[in-house]
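Step one of this worksheet: look at the structure below.
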Amino acid sequence: MAEQVYQPAEIELRVQQRWQDEEAFRADENGRGEKFYCLSMLPYPSGALHMGHVRNYTIGDVISRYHRMCGRNVLQPMGWDAFGLPAENAAISNNTAPASWTYTNIQHMKTQLKRLGFAYDWSREVTTCKPEYYRWEQLMFTRLMKQGLAYRKDSEVNWDPVDQTVLANEQVVDGRGWRSGALVEKKSIPQWFLRITDYAEQLLQGLDQLEHWPEAVKTMQRNWIGRSEGAEFAMSVCSEDGQRDPRNLQVRVYTTRPDTAFGMTYAVLAPEHPLLDQVTTPAQSVRVGAFVSQARAASEMDRLALEGGLEKRGVFTGAYLFNPFTEKPVPLYIADYVLMAYGTGAIMAVPGQDQRDWDFAKSHNLPIIRTVQPPPGWEGDAFTGDGPAINSAWLDGLEVAQAKQKAIDWLEENDLGERKVNFRLRDWGVSRQRYWGCPIPVIYCPHCLAVPVPEEQLPVVLPEDVTFMGVQSPIKADPEWRKTTCPQCGADAERETDTFDTFMESSWYYARYCCPGAGAQLDERARYWLPVDQYIGGIEHAILHLMYFRFYHRLLRDAGMVDGNEPATHLLCQGMVVAETYYREAADGFVRWVNPAEVEITRDAKGKPVGAVLRADGGAVSIGAVEKMSKSRNNGVDPQGLVERYGADCVRLFSMFAAPPDQSLEWSDSGVEGASRFLRRIWSQVMQHANGGSCQALDPGALNPDQREMRRLVHDTIAKVGDDIGRRYTFNTAIAAIMELSNHLSKFGDPGGQGKAVRQEAWLAVVRMLNPITPHICEALWAALGEKGPLYAAPWPAADESARVRSQVTLVVQVNGKVRARLEAEPGLSRESALQLALDLENVQRHVTGKPVHKVIHVPDRLLNIVVG
RNA sequence: GCCGGUGUGGCGGAACUGGUAGACGCGCUGGACUCAAAAUCCAGUUUUGGCAACAAAGUGUCGGUUCGAGUCCGACCACCGGCACCA
């Protein structure tokens with residue numbers, strides 16, 4: 001006799017124990033079926049799971065379990081993105097070592113993941129802060145150094161002058177250090193970079209092949225890479241009257257609009273331009289010098305205030321450049337709207353065709369010459385659209401695209417410049433001046449300079465047993481750790497004390513999951529599992545992580561370790577988890593946010609909310625916006641408490657039911673109650689059926705019409721749910737269809753032998769369809785229905801097409817496009833018979849009588865539209 | 001400013017290929033059970049009119065294409081997200 005009352009906790013723990021004992025989700029390269037690699041972005045071990053994790057990992061688990069049931073050899077791994085700044089912050093405030101804080105968190109979160117019943121192969125777990133993981137990343141880096149793909153150059157960091165340390169961007173709050181409160185300064189120090197720009201073109205083109213990535217992600221990446229085509233050319237420094245500079249100095253500029261060069265009325269250098277000192281005339285040097293130091297000191301806030309505004313700051317250098325197109329000199333300015341990091345750090349300025357140049361020209365009283373004819377009635381400033389060239393000598397009359405080509409051809413023929421493609425994408429700065437990260441494997445020798453740590457000396461292990469003295473990185477504070485000898489000449493040398501950006505670890509973990517324990521970064525198993533067949537994670541990683549992920553895959557490919565250009569064929573970005581916010585505002589304007597769990601909603605008779613009160617004191621609270629769950633709005637819901645109260649299946653079910661995966665999911669306590677109610681109902685109905693004794697074998701030929709109709713619903717639902725999960729990723733509509741079927745089943749009271757057989761088939765189908773979403777209860781119901789093997793290994797149900805054939809269809813009858821009646825009929829009704837039957841209907845006659853029929857539209861078995869005059 | 005996305009009942013959402021708008025769930029209303037409550041079960045629930053049959057209106061706004069538009073086209077509005085002086 002099976003249990004009558006649904007007790008989720010007891011069932012879930014028992015089923016989870018069974019999965020563990022049977023190693024149910026262990027993945028094996030020799031497994032049967034086509035491989036399917038389903039990957040969810042690994043979490044940072046911050047302390048506890050939040051609802052975002054639950055949503056992300058439930059989606060991955062549903063997809064994994066579905067494909068497993070479809071007969072694929074599924075790999076679904078999990079791991080920990082374990083390096084990172086929060087561990088250091090926690091170490092400083094709690095006086096613990098970052099390592100032990102991290103390992104404790106991992107322990108706890110792993111328990112939470114297991115309690116949610118995710119089908120991971122834990123034998124492949126990756127923890128990125130362990131030397132056995134990061135040693136391979138160090139090895140790869142030393143190889144990239146030798147290939148010139150890793151290099152060192154000066155780069156700016158945020159320097160806290162009080163704490164004497166480098167700050168991460170997130171440690172700078174309103175231009176001040178998070179701990180010291182001191183104004184943060186810019187400081188230039190040597191740092192390591194990876195040459196991702198060498199891959200810019202292929203990273204851009206690869207996007208076109210990623211058919212199953214969200215358009216939003218691809219667009220963001222395209223914009224980030226920012227490819228532009230134009231020309232680069234040189235202009236000679238000259239005097240106001242066009243006399244060449246005796247030093248023969250030249251300034252190179254980049255432009256995407258060479259066709260507008262006749263409209264160049266001045267030129268601009270970035271404040272950091274290397275030629276600035278040489279071209280500045282003595283008369284202007286004081287003003288130029290003042291501007292440069294001001295630009296350097298300009299805080300982030302000032303810069304932001306200027307963006308989008310009309311104010312364009314700059315000063316005249318005293319020098320002129322010779323415009324080869326007009327053969328006339330133009331004044332050369334310095335301005336901070338020109339960036340040293342893009343193009344050549346110098347531009348030709350054409351105010352007539354560029355809004356920024358227009359703004360600058362206006363505020364500095366520089367001339368404006370239009371070189372593209374704006375449309376009649378144009379009243380705007382710079383005109384950036386298409387039109388015929390004017391004021392441009394031999395370009396006059398040409399449209400923009402042709403004029404560009406002709407101008408570039410002319411530059412090349414006269415040896416002045418050439419066609420040039422530029423990218424917005426910058427090389428990836430991987431140095432961080434932090435402790436809790438992977439040590440950069442470099443030794444600095446006074447003779448041999450930067451030397452990669454030889455392979456046999458790897459890994460360079462980060463000491464874990466450290467104490468923080470203030471905010472300084474313990475390995476920077478410890479002179480002993482740094483001491484070493486040069487691997488090339490044996491001289492006394494020092495280790496690099498910077499560590500890698502943590503994006504480095506998360507760029508290749510997906511490949512390491514394929515080959516746990518490999519004696520190299522990867523082995524042959526990676527070729528079997530890769531590429532990832534389904535990747536799932538937050539849209540917040542659309543640019544950085546997903547770009548580095550695609551870049552690193554190409555590095556692995558070029559090192560011969562993997563095949564193919566892209567690491568993942570399908571990407572799904574789940575939406576945020578949001579919730580209502582509630583607050584009370586004190587008289588002094590101080591806002592206190594109240595957690596939704598402590599609030600009761602008051603409603604009018606129609607159920608429309610009219611207010612909210614705090615349970616604790618019965619007083620009113622204000623209703624705020626629906627926002628992303630966060631500590632600052634106090635609208636977070638702890639998954640742990642929900643799992644304890646309702647069970648993992650219920651939490652999983654609600655997460656998948658409330659919204660499609662790519663939209664934001666609004667948390668609702670009553671919605672969770674609804675999910676719980678559904679599970680209890682399913683439980684009692686299946687148990688009631690199962691306790692009703694054994695049933696006969698189903699004989700599809702012997703069914704009465706009601707039984708056939710019930711069975712048709714079952715097989716229609718099987719077809720829909722498979723399509724919803726497997727193709728559309730609309731888990732919410734899959735669940736809705738299953739709920740609908742179970743509602744019909746509860747009304748299907750047929751007590752006869754074949755009635756029971758139909759019901760048995762239906763419940764088995766429901767249990768199998770629900771299994772990816774709520775696997776624990778399904779495993780128990782499966783057994784209750786008399787099935788012997790484990791459900792996790794059972795096949796996905798197949799829709800029986802013969803059972804789906806309809807004996808009746810509903811034909812919608814419209815008159816002039818308005819629905820006037822419905823007609824139950826046999827399928828395959830002809831146009832004439834349908835019209836005949838429709839015209840007999842009273843409500844149709846009412847709208848047709850006395851009017852000539854102009855036209856009849858017939859969609860077989862669906863619709864008949866009678867158009868009357 | 002540029003790029004992308006979204007607008008449908010009291011709420012979350014469904015309608016996949018232009019063909020029954022509002023599936024499924026929540027909430028609410030009424031009823032059954034109960035001394036009572038909870039739980040559970042049954043019925044109803046876009047708006048307006050009507051006892052009902054039914055009719056009219058209705059998918060952000062305005063217009064268009066079509067026998068027929070939530071869906072396609074044009075213009076606009078609102079909100080959300082990304083990038084932001086990239087020449």
Side-chain angles (χ1 to χ4, degrees), chain A residues 214-220 222-224 226 228 230 253-257 260 268 303-304 306-309 312 335-339 341-350 353-357 359-360 422-426 539-540 542-543 575-576 580 601 603-610 626 654 657-660 662-675 677-678 680-681 684 720 723-724 727-728 730 732-740 743 746 810-822 842-843 846 854-857 859 862-868:
Chain A
E215 215 44 58
V217 171
K218 289 189 280 186
T219 308
M220 281 191 241
R222 280 190 192 104
N223 293 341
W224 191 258
S228 74
V253 297
Y254 173 72
T255 178
T256 56
R257 294 295 301 276
T260 64
V268 189
R303 203 179 62 76
L304 287 171
L306 284 172
E307 277 169 9
K312 291 270 184 289
D336 58 4
Y337 81 90
V338 173
L339 309 174
Y342 186 77
T344 59
I347 61 156
M348 66 171 205
V350 186
Q353 264 66 52
D354 184 289
Q355 189 59 42
R356 295 156 301 182
D357 296 345
D359 295 339
F360 189 85
N422 258 326
F423 294 95
R424 212 190 77 105
L425 184 71
R426 306 285 150 73
I539 188 81
E540 67 273 20
I543 297 172
M576 296 181 297
E580 295 261 16
I601 308 291
R603 297 170 189 276
D604 68 10
K606 287 192 171 177
K608 196 173 178 176
V610 289
V626 174
F654 176 75
F657 178 58
D662 53 345
Q663 284 180 32
S664 61
L665 179 146
E666 189 178 329
W667 197 262
S668 141
D669 286 339
S670 45
V672 179
E673 293 279 357
R677 201 173 299 153
F678 172 70
R680 285 199 301 270
R681 208 156 41 215
S684 69
K720 174 169 174 58
D723 189 49
D724 283 354
R727 180 181 65 88
R728 296 177 67 210
T730 52
N732 55 327
T733 55
I735 294 166
I738 297 168
M739 286 177 166
E740 209 174 344
N743 289 345
S746 69
T810 305
L811 197 69
V812 171
V813 182
Q814 298 182 334
V815 178
N816 286 351
K818 282 188 187 289
V819 179
R820 296 301 178 189
R822 289 174 180 80
E842 189 196 334
N843 204 41
R846 182 154 53 214
H854 284 317
K855 199 170 176 182
V856 176
I857 311 280
V859 183
R862 298 198 69 171
L863 173 133
L864 188 78
N865 187 10
I866 305 166
V867 185
V868 295

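Letters A, B, ... mirror the listed sequences (proteins, then strands); counts begin at 1.
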>> Within the 4.0 Å heavy-atom criterion, would you say A:Ser664 contacts the bases, only the backbone, or no part of the nucleic acid?
In response: sugar-phosphate
> Between A:Thr733 and B:A15, is there a side-chain N or O to OP1/OP2 distance below 4.0 Å?
Replying inline: no
Give the table of side-chain donor-acceptor pairs shorter than 3.5 Å for residues 813-820 of chain A, with sequence neighbours excluded, one pair per line with atom names and distance.
residue: A:Asn816; atom: OD1; partner: A:Val868; partner atom: N; Å: 2.9
residue: A:Arg820; atom: NH1; partner: A:His847; partner atom: NE2; Å: 3.4

>> Run the side chain to side chain contact (heavy atoms under 4.5 Å, CB included) test against A:Leu339 and tell me which residues pass, sequence neighbours left out.
In response: none
> Does a nitrogen or oxygen in the side chain of A:Asn422 sit under 4.0 Å from OP1 or OP2 of B:A87?
Replying inline: no
> What is the distance, rounded to the nearest whole Å, between atom CD1 of A:Ile539 and atom C1' of B:C3?
Replying inline: 13 Å
> How many Å lie between CG on A:Leu863 and P on B:U66, as a whole number?
Replying inline: 19 Å
> Which value, in whole Å, describes the distance between the C1' atoms of nucleotides B:G58 and B:A69?
Replying inline: 14 Å
> Atom CZ of A:Arg222 to atom C1' of B:G82: distance rounded to whole Å?
Replying inline: 15 Å
> Expressed in angstrom and rounded to an integer, what is the separation of A:Met220 atom CE from B:C2 atom C1'?
Replying inline: 14 Å
> Between atom CZ in A:Arg822 and atom P in B:G19, what is the gap in whole Å?
Replying inline: 16 Å
> Rounding to a whole Å, what distance do you find between A:Glu580:CD and B:G27:P?
Replying inline: 14 Å
> In chain order, what residues pass the side chain to side chain donor-acceptor pair (under 3.5 Å) check against A:Tyr254, with sequence neighbours excluded?
Replying inline: A:Ser228
> Can you name the side chain to side chain contact (heavy atoms under 4.5 Å, CB included) partners of A:Glu673, sequence neighbours left out?
Replying inline: A:Arg645, A:Tyr646, A:Arg677
> Quick one: A:Trp667 CH2 to B:G25 C1', roughly how many Å, whole number?
Replying inline: 14 Å
>> What's the gap between B:G68 and B:A52 when it is taken at their P atoms, as a whole Å value?
In response: 32 Å
>> Which residues pass the salt bridge (Lys or Arg N to Asp or Glu O under 4.0 Å) test with A:Asp723, not counting sequence neighbours?
In response: A:Arg727
>> Measuring to OP1 and OP2 of B:A87, would you say a side-chain N or O of A:Tyr342 lies under 4.0 angstrom away?
In response: yes
> What nucleic acid atoms does A:Thr730 come within less than 4.0 Å of, heavy atoms only: base, sugar-phosphate, or nothing?
Replying inline: nothing
> Counting any heavy atom closer than 4.0 Å, what does A:Ile543 reach on the DNA or RNA strands: base, sugar-phosphate only, or nothing?
Replying inline: sugar-phosphate
>> Taking side chain to side chain contact (heavy atoms under 4.5 Å, CB included) as the definition, give me every residue that meets it alongside A:Arg426, ordered by chain and number, with sequence neighbours left out.
In response: A:Ala341, A:Tyr342
>> If the condition is salt bridge (Lys or Arg N to Asp or Glu O under 4.0 Å), which residues does A:Glu842 pass it with, not counting sequence neighbours?
In response: none
> What is the nucleic acid contact for A:Val338, judged by heavy atoms within less than 4.0 Å: base, sugar-phosphate only, or nothing?
Replying inline: base
>> Measure CG/A:Asn743 against C1'/B:C41 and give the value in whole Å, please.
In response: 13 Å
> Contact class for A:Gly343 vs. all strands (heavy atom < 4.0 Å): base, sugar-phosphate, or nothing?
Replying inline: nothing
> Quick one: which of B:A87, B:A23, B:G19 gets closest to the side chain of A:Ala736?
Replying inline: B:A23
> Does the side chain of A:Arg680 get closer than 4.0 angstrom to OP1 or OP2 of B:U40 through an N or O atom?
Replying inline: yes
> Based on Watson-Crick and G-U pairs with both distances under 3.5 Å, what dot-bracket line describes RNA chain B 5' to 3', crossing pairs as [ ] and inter-strand pairs as |?
Replying inline: (((((((..(((......[....)))((((((.......))))))((((....))))..(((((..]....))))))))))))....
> A:Ala736: what forms a side chain to side chain contact (heavy atoms under 4.5 Å, CB included) with it, not counting sequence neighbours?
Replying inline: A:Phe657
Distances for protein N or O near nucleotides 68-70 of chain B N or O, under 3.5 Å:
none

> Looking across every strand, which nucleic acid part, if any, lies under 4.0 Å from A:Val867 by heavy atom: base, sugar-phosphate, or nothing?
Replying inline: sugar-phosphate
> What is the nucleic acid contact for A:Arg603, judged by heavy atoms within less than 4.0 Å: base, sugar-phosphate only, or nothing?
Replying inline: sugar-phosphate
>> Treating primed atoms plus P, OP1 and OP2 as sugar-phosphate and everything else as base, which nucleotides of nucleotides 42-58 of chain B get B, S or - for protein heavy atoms under 4.0 Å?
In response: ------------SSSS-
> Distance check: side-chain N/O of A:Arg677 vs OP1/OP2 of B:C26, anything under 4.0 Å?
Replying inline: yes
>> When the C1' atoms of B:G70 and B:A23 are compared, how many Å lie between them, rounded to an integer?
In response: 15 Å
> Reckon A:Arg728 has a side-chain N or O less than 4.0 Å from the OP1 or OP2 of B:A15?
Replying inline: yes
> What pairs with A:Arg222 under salt bridge (Lys or Arg N to Asp or Glu O under 4.0 Å), at least two apart in sequence or on another chain?
Replying inline: A:Asp208, A:Glu215
>> Just N and O in the side chain of A:Gln663: are any of them under 4.0 Å from OP1 or OP2 of B:G13?
In response: yes
>> Rounding to an integer number of angstrom, what distance separates B:G31 and B:A37 when you compare their P atoms?
In response: 12 Å
> Using a cut-off of 4.0 Å on non-hydrogen atoms, how would the nucleic acid contact of A:Lys720 be classed: base, sugar-phosphate, or nothing?
Replying inline: base
> B:G9: syn or anti, with syn meaning chi within 90° of zero?
Replying inline: syn
> Are any of the side-chain heavy atoms of A:Glu540 and A:Met576 separated by less than 4.5 Å?
Replying inline: no
